[in-house]
Amino acid sequence: MPKTIRLTRYDKVLKIELNRPEELNALNKEVLKEILEHVVSLDADPDLACIILTGNMKAFAAGADIKEMCDKSSKEMREGRYFSDWELFANMQTPKIAAVNGYALGGGCELAMMCDYILAGESAKFGQPEIKLGVIAGIGGTQRMTKLIGRAKSMDMHLTGRMMGAEEALNCGLIARIFPDEELVENALGIAEIISQYSKPALTMITNAIHKSDNLTLEQGLKYERSLFYSLFDTHDQKEGMKAFIEKRKPTFNGT
Ligand code: CAA
């Protein structure tokens, strides 16, 4: 049984709650180990269609665990490949939604940005305050935030270490939607429920193609998207989805 995360399965949806409330869900090695063991391992499960990652009302996660890192040398950090396996979570094909209440700072903000998109409670606070600790972001903050909100704003966040609220995060494209704090998780689960009714091959192709757009030219991206689109025409779910539309009934997708 994992200790630093709590997992709840609702049919095709998995809710992950970060569970180190005393440390504001600071991300230590154990959290990563349990995410790899209990979550990343489920990526191939055809019955898992969507993941919701959340924290508690005070904190989604207040960053990487400063107490765990503080006395390490550069050699230890490098040889321990500190943080690098978080990319295995980021690269999961199953759609992942971060539902952020409270603080999402440093590694916490980076973890939210590793998800396919972010929903937030109205009191959520995002930031990359590593500069205040004499370091820089180390789990993708300078890269993912810049792609999401642009260079000027990303520079401002990283160089000043300030926090931004949910409204500002919505306006600059860091997050997709805002809900009242108490209703956030319920709404996130409702959205996951909608997503989970669709065809998993098509869902994973959407997340894959959108992420690929970071690294491809428009021309390459259009070609890539078209090849994925064509490949879906050999699936049961494409035939079922289109036939159901014509026959004016609800489709039954089976993930093949
Ligand atoms: N690591 C370890 N412990 C943390 C932590 C973190 N990132 N954030 C909070 N905690 C601990 C505190 O030390 C405190 O523990 P004690 O009770 O043992 O003292 C407990 O959680 C509660 O925190 P506070 O008393 O500080 O709570 P607060 O409400 O006064 O302040 C806060 C909340 C503004 C979020 C403040 O805790 C804070 O600034 N946290 C650190 C934020 C930060 O710098 N994050 C970046 C970390 S480095 C990083 O993430 C690098 C990277 O990119 C990979």
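Along the sequence shown, the residues carry numbers beginning at 1. Counting starts at 1 for both ligands and their atoms, in listed order.
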- Query: Any ion pair linking Glu87 and Arg144 (charged N to carboxylate O, less than 4.0 Å)?
  - Reply: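 Here Arg144 pairs with Glu87 in a salt bridge, since their nearest N and O are under 4.0 Å apart.
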Flag, side chain of [X] to backbone of [Y], donor-acceptor distance under 3.5 Å:
X	Y	value
Thr146	Ser154	no
Asn28	Asp65	no
Glu34	Lys3	yes

- Item | Residues forming a side chain to side chain contact (heavy atoms under 4.5 Å, CB included) with Ile136, sequence neighbours excluded |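 Partners of Ile136 under the side chain to side chain contact (heavy atoms under 4.5 Å, CB included) test: none.
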- Task: Evaluate whether atom CZ of Arg81 has more than 12 neighbouring non-hydrogen atoms of other residues, nucleotides or ligands under 6.0 angstrom away.
- Result: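 Incorrect, the count does not exceed 12.
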Run through all N or O atoms in ligand 1 and write down each protein N or O closer than 3.5 Å, as a pair with its distance.
from	atom 1	to	atom 2	distance (Å)
ligand 1	1 (N)	Ala64	O	3.4
ligand 1	1 (N)	Ile66	N	2.9
ligand 1	7 (N)	Ala62	O	3.0
ligand 1	7 (N)	Ala64	O	2.9
ligand 1	13 (O)	Lys67	NZ	3.0
ligand 1	15 (O)	Lys67	NZ	3.2
ligand 1	18 (O)	Lys67	NZ	3.3
ligand 1	21 (O)	Glu22	O	3.4
ligand 1	29 (O)	Lys58	NZ	2.5
ligand 1	45 (N)	Ala62	O	2.9
ligand 1	50 (O)	Ala64	N	2.9
ligand 1	50 (O)	Gly107	N	2.7
ligand 1	53 (O)	Glu110	OE1	2.6
ligand 1	53 (O)	Glu130	OE2	2.7
ligand 1	53 (O)	Gly138	N	3.0

